[in-house]
Amino acid sequence: MAEKHYLEAELEGLVQKDPEMWRFLQHGSLDGVWYWDLEAPDNEWMSPEMWRLFGIAPETKSHDPAEWQDIIFAEDLALALDNFRGWPI
């Protein structure tokens, strides 16, 4: 396995040590962040930017999978959930 590039290692270290670096990356280079605990699927966190990406005011939503599942076409939701169940954990 190739050695990790020094800049990649430096960035990982900054993100781990400096919360401001995480905020910078989240707001400056990501459309949004969705973090779902696949071992405990009732737990998730969606950044405000993620909701705004879909045209939804983040203050109207909670960090509950039902919030996004309610807005997906039923057949698409069934397929999406089947795909998640198939992920190795």
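Bear in mind that the values here come from a model prediction, so they are computed numbers and not experimental data. Residue numbers start at 1 and run along the sequence shown.
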Discussion item. Please determine whether side-chain contact (heavy atoms from CB on, under 4.5 Å) holds for the pair I56 and I71, giving the CA-CA distance in whole Å, both sets of side-chain angles, and the decisive distance to 0.1 Å.
Written reply: CA-CA 11 Å; I56 298 170; I71 60 175; 3.5 Å; yes

Under 3.5 Å donor-acceptor pairs involving side-chain atoms of residues 26-33, not counting sequence neighbours:
| from | atom 1 | to | atom 2 | distance (Å) |
| --- | --- | --- | --- | --- |
| Q26 | OE1 | W22 | NE1 | 3.1 |
| Q26 | NE2 | E49 | OE1 | 3.4 |
| H27 | ND1 | E49 | OE2 | 2.8 |
| S29 | OG | L25 | O | 2.9 |

Table please: side-chain donor-acceptor pairs of residues 6-17 below 3.5 Å, with sequence neighbours left out.
| from | atom 1 | to | atom 2 | distance (Å) |
| --- | --- | --- | --- | --- |
| E12 | OE1 | K4 | NZ | 2.7 |
| E12 | OE2 | K4 | NZ | 3.3 |

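With sequence neighbours excluded, the residues satisfying side chain to side chain donor-acceptor pair (under 3.5 Å) with W34 are E44. Under the rule for a side chain to side chain contact (heavy atoms under 4.5 Å, CB included), the partners of E20 that lie at least two apart in sequence or sit in another chain are D18, R23. For D76, the side chain to side chain contact (heavy atoms under 4.5 Å, CB included) partners are I72, F73, not counting sequence neighbours. Judged as a side chain to side chain donor-acceptor pair (under 3.5 Å), and not counting sequence neighbours, T60 has no contacts.
W36 places a side-chain N or O within 3.5 Å of a backbone atom of P41 that can act as its donor or acceptor partner. H63 contributes no side-chain N or O that, together with a main-chain N or O of N43, makes up a donor-acceptor pair within less than 3.5 Å.
Side-chain atoms of W51 and E67, non-hydrogen and from C-beta on, do get closer than 4.5 Å to each other.
There is no path of hydrophobic side-chain contacts, each under 4.5 Å, that joins M50 to F24. Note on L79: it does not cluster hydrophobically with L81, by side-chain heavy-atom contacts below 4.5 Å among ILVMFWY residues.
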